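Nothing fancy with the numbering, it's 1 onward along the sequence. Computed from a predicted model, the values in this text were never measured in an experiment. Note that ligands are numbered from 1 as they come in the structure, with each ligand's atoms numbered from 1 the same way.
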Amino acid sequence: MSPMQEQQQPAPQQHEPNQQAQETQPNENRSGTSAKDLEISFRNHMTHTVGRPLEYSTTLDQYHALSAVVRDRLMDNWLDTIETYRDRDVRVVGYLSAEYLLGPHLENDLLNLDLTRQMTEALNELGLDLKTIACEEPEPGLGNGGLGRLAACFLDSLSTLNTPVVGYGLRYEFGIFRQEIQDGWQVEKSDKWLQFGNPWEIAASMSYQVGFFGHTETYTDDKGALRHKWIPGQCVKGIPYDTPIPGYQTKTVNRLRLWKSEAIDSFDLATFNTGDYTGAVRAKMESETISKVLYPPDEKIEGKRLRLMQQYFFTSCSLQDMVQLHLTFGKPLNEFDKKWTVQLNDTHPSIGIAELMRLLMDEHAMPWDEAWRVTQNTFGYTNHTLLPEALERWPLEMFGNLLPRHLEIIDEINEHFLDAMRLKFPNDDARMRRMSIIGEDGERSVQMAKLAVVGSKAINGVAELHTNLLEASTLKDFYEAFPERFSNKTNGVTPRRWLMLSNPDLTALIDETIGTRWHKDLYGLTALEHFATDTGFLQRWRKTQEGAKARLGAFIKRTMSIDINPESMFDAQVKRLHEYKRQHLNALHILSLYCAIKNGTAKNLTPRTFLFGGKAAPSYTMAKLIIKLICTVGDLVNNDPQTRDLLKVIFVPNYSVSVGQRIYPAADLSEQISTAGLEASGTGCMKFMMNGAVAIGTLDGANIEIREEAGEDNFFLFGLTAPQIADLTRTGYSPNTYYDKSPALKEVIDGLRDGRFSNGDRDLFAPLVKELTTTDRYFVMADFDAYAAAQAEAGSAYGDTVRWGRMSLLNTARSGKFSSDRTIREYCKDIWKVPTN
Ligand SMILES: *Cc1c(COP(=O)(O)O)cnc(C)c1O
């Protein structure tokens with residue numbers, strides 16, 4: 001230490017509130033956790049990180065200072081966690097996902113660090129408000145919906161359970177678009193989440209190179225072995241940006257490592273010197289395009305070369321990183337599968353199977369058989385959909401052009417695989433054709449789900465029904481070949497973000513009643529069942545929920561200028577817009593209530609507030625028309641003096657994690673009304689359940705298990721089952737028979753066709769009417785009457801406040817299974833073979 005610094009050193013700090021001494025303290029303690037420590041730290045960051053006097057700071061400045069304070073408190077444990085993984089001989093999970101829908105970090109990290117109370121105090125001392133500051137955080141929307149959110153919940157649980165994981169993905173410069181509603185239509189605005197910097201990430205000063213295009217060569221190495229090499233025609237580099245992921249009340253801080261693509265050299269100097277400035281910049285731009293933007297869902301998958309480039313780019317960087325870490329740990333590569341277990345979150349990263357083979361064989365001289373043993377023991381594959389149009393397949397020619405070496409490897413994997421299958425199923429050419437990774441029907445293509453299945457030690461679906469359907473239909477041949485590799489892992493959600501953070505009042509009531517054990521073991525909530533007949537307690541339960549409803553009401557008033565009645569039944573359907581999720585079934589039912597009121601046939605109707613939220617893929621015209629339908633219904637019922645006190649319809653724009661955090665706690669009724677057999681799991685249903693909403697739903701995805709847990713009295717069931725739908729499809733489904741049979745449905749469909757709900761505009765909803773009355777792929781017409789009946793039952797149950805309170809309480813009490821902690825324990829035990837605590 002220099003003499004100068006010594007002079008400035010104050011007398012040893014005494015723990016008394018000596019304002020002056022603390023403000024001049026030169027060596028700020030960056031890990032202190034008292035309110036006073038946090039306040040000092042905040043002031044320091046305001047000066048040294050943000051560079052602005054507190055009294056002139058904006059709320060955004062305060063957010064940046066505050067996040068720096070929180071980040072400081074993660075760093076020691078973060079570094080310790082990395083050390084632990086290297087030193088202790090533990091297996092590390094590499095979680096590969098093209099999407100992470102994290103939601104805002106600030107309040108979640110404070111919760112997990114147990115610092116919310118002290119931070120609130122520290123800010124109050126400065127006249128500032130935590131909630132107000134937290135609203136400045138742009139949400140990292142690096143995912144489209146459930147799949148990306150699942151990855152985020154898993155990381156929270158893995159850290160909470162002290163399981164070593166590196167989450168790997170893409171650092172999209174533009175995440176999911178921001179949705180605005182103009183005149184009832186969705187308008188997409190670009191998501192500039194990085195424009196003011198991202199205080200939660202740290203760029204590592206390293207990179208990996210990733211090749212594309214080019215050709216392959218063979219040669220004989222110095223040991224006389226025949227070897228392959230790939231000479232790429234183009235290279236980019238991947239730079240890692242790391243985000244700390246703290247567990248709840250634990251020292252474990254795992255890392256999320258997202259890759260940004262950059263040009264190898266920013267400027268091609270040779271080109272620049274010839275005066276071609278734009279040409280020189282073009283190469284840079286093309287390289288950076290790879291991590292530029294998240295693809296929206298349901299975009300036609302085929303032929304999107306940039307999407308395949310994104311997938312290969314982040315998967316290759318991630319596997320190179322794991323291999324490099326493995327070698328730094330001093331381990332031989334034939335033990336890679338002992339140190340690493342890699343989970344494929346859907347097929348997006350499944351090219352990793354060919355890439356790991358290439359790295360082991362071409363770069364590290366491992367023979368085929370050994371490389372295959374290592375590779376197959378490394379990967380696990382989670383399937384997320386049965387929808388045939390969502391199964392990824394790449395045209396062979398495009399694939400071979402972009403990744404020539406990988407196509408060779410996949411061809412060889414396929415040959416070995418089919419040879420083995422021919423021994424198992426002799427003389428069954430049809431089966432061999434069905435199982436081939438290279439699809440020969442129509443345009444030849446590489447089928448990624450098959451590659452994922454063949455190259456993995458474990459394959460799982462995400463709810464019981466979904467796994468059963470996978471085994472019985474989509475992956476039937478593979479299930480018959482190696483049933484032992486298949487298992488179910490029903491999804492879950494983290495109760496930290498989705499109950500404790502989103503619903504602090506309900507959390508306080510539960511804590512006061514049964515203690516806090518449930519924070520880390522959600523099955524602990526069953527202790528609430530003792531209070532199911534305690535009317536005094538049920539009243540407090542209801543009061544607490546009314547608080548959440550009032551807060552959502554205030555948000556809607558503030559942002560949309562619509563008044564809603566907090567005593568009405570809040571009926572919520574928030575999720576991506578898709579015909580299989582059937583937001584239009586919900587809208588048609590609201591129209592039937594409207595007609596009943598206008599006709600004077602509605603008796604004792606329970607006042608309802610219908611809440612909708614969700615984004616439609618920009619190219620999905622029908623989904624966008626359904627948004628227009630919901631908004632049109634809203635205009636109609638919200639403004640008609642005869643209906644507006646009974647029905648309110650709100651389309652909350654820009655559905656996202658932070659909007660979800662407002663809606664899930666405020667819902668009474670949870671809409672889970674997908675066509676049976678089409679929702680793989682669903683996780684929104686679990687967030688509602690934890691918060692005490694009662695579901696109205698079909699026997700689909702996780703609904704089935706929710707109903708099993710909650711009890712059939714605490715779930716409003718309706719609709720065709722998956723086998724019934726399969727039968728109807730086989731025997732010939734005709735939507736018009738339902739139109740003819742149901743006067744209520746007829747009135748609504750006729751009204752839509754005649755322009756009754758759209759100021760006489762008959763064209764507006766014509767495509768929707770046409771789809772419903774001719775094909776009706778999603779059986780909306782067939783399920784309409786049953787849905788309306790279940791809705792009527794829910795309405796009258798809501799009128800009985802004791803009955804409803806009991807149903808609500810029991811839903812929360814029995815939601816233990818749907819914690820992602822339970823899901824992660826199952827992955828750890830059955831697939832990853834890593835310990836949890
Ligand atoms: C939970 C969640 C989803 C998934 O909802 P489902 O109802 O399961 O489709 C989608 N988007 C966001 C923002 C979520 O939080």
Side-chain angles (χ1 to χ4, degrees), residues 97 99-104 108 138-157 175-179 191 193 294 296-298 345-346 384-385 387 390 462-463 465-466 490-499 501-503 571-583 585-586 611-617 623 626 652-667 669-675 678-691 693 695-698 700-706 815 818-820 823:
S97 179
E99 301 187 13
Y100 289 91
L101 203 53
L102 297 165
N108 189 72
E139 179 172 329
L142 309 184
N144 286 302
L147 175 139
R149 184 54 230 174
L150 184 76
C153 283
F154 279 7
L155 293 185
D156 182 86
S157 286
I176 181 78
F177 62 86
R178 190 164 48 78
Q179 177 194 57
D191 164 49
W193 72 293
L294 168 72
D298 317 307
N345 193 26
D346 213 330
H384 284 272
T385 179
L387 293 182
V462 289
L465 174 72
H466 169 62
T490 298
N491 284 167
V493 301
T494 169
R496 269 76 62 183
R497 183 180 288 272
W498 294 113
L499 184 45
L501 185 61
S502 311
N503 205 342
D571 174 329
Q573 187 170 20
V574 288
K575 47 184 77 235
R576 280 185 302 124
L577 251 293
H578 200 291
E579 286 167 280
Y580 88 79
K581 292 180 183 275
R582 301 201 294 191
Q583 283 92 350
L585 174 57
N586 189 344
L611 298 154
F612 288 89
K615 294 174 184 176
I626 293 171
V652 184
N654 200 39
Y655 181 60
S656 53
V657 172
S658 28
V659 172
Q661 287 175 214
R662 296 178 185 277
I663 293 180
Y664 294 112
L669 193 65
S670 148
E671 296 274 350
Q672 307 303 335
I673 61 178
S674 52
T675 314
L678 297 185
E679 186 73 271
S681 164
T683 50
C685 50
M686 303 168 184
K687 303 168 200 165
F688 281 118
M689 185 192 194
M690 277 176 201
N691 283 281
I696 180 168
T698 49
D700 197 17
N703 292 354
I704 298 174
E705 292 157 73
I706 283 183
S815 64
F818 304 105
S819 167
S820 44
T823 315

Trainee: Provide the closest heavy-atom pair for Ser97 versus Asn345 in the form atom of the first, atom of the second, distance.
Mentor: OG-ND2, 3.0 Å

Trainee: Whether Asp156 and Arg497 form a salt bridge (side-chain N of Lys/Arg under 4.0 Å from carboxylate O of Asp/Glu) is what I want to check.
Mentor: no

Trainee: Less than 3.5 Å apart, N/O on ligand 1 and N/O on the protein: could you list those pairs with the distances?
Mentor:
unit_1: ligand 1; atom_1: 7 (O); unit_2: Lys575; atom_2: NZ; d: 2.9
unit_1: ligand 1; atom_1: 8 (O); unit_2: Thr683; atom_2: N; d: 2.7
unit_1: ligand 1; atom_1: 8 (O); unit_2: Gly684; atom_2: N; d: 2.9
unit_1: ligand 1; atom_1: 9 (O); unit_2: Lys581; atom_2: NZ; d: 2.7
unit_1: ligand 1; atom_1: 15 (O); unit_2: Lys687; atom_2: NZ; d: 2.6

Trainee: Could you check whether Asn586 and Gln573, counting side-chain N and O atoms only, form a donor-acceptor pair closer than 3.5 Å?
Mentor: yes

Trainee: Measure the spacing between CD1 of Ile696 and CD1 of Ile673 and express it to the nearest 0.5 Å.
Mentor: 7.5 Å

Trainee: Considering all heavy atoms of both residues, which atom of Ser820 and which atom of Cys153 are nearest to each other, and what is their separation?
Mentor: OG-O, 3.6 Å

Trainee: Have Tyr655 and Gln179 got a donor and an acceptor in their side chains that come within less than 3.5 Å?
Mentor: no

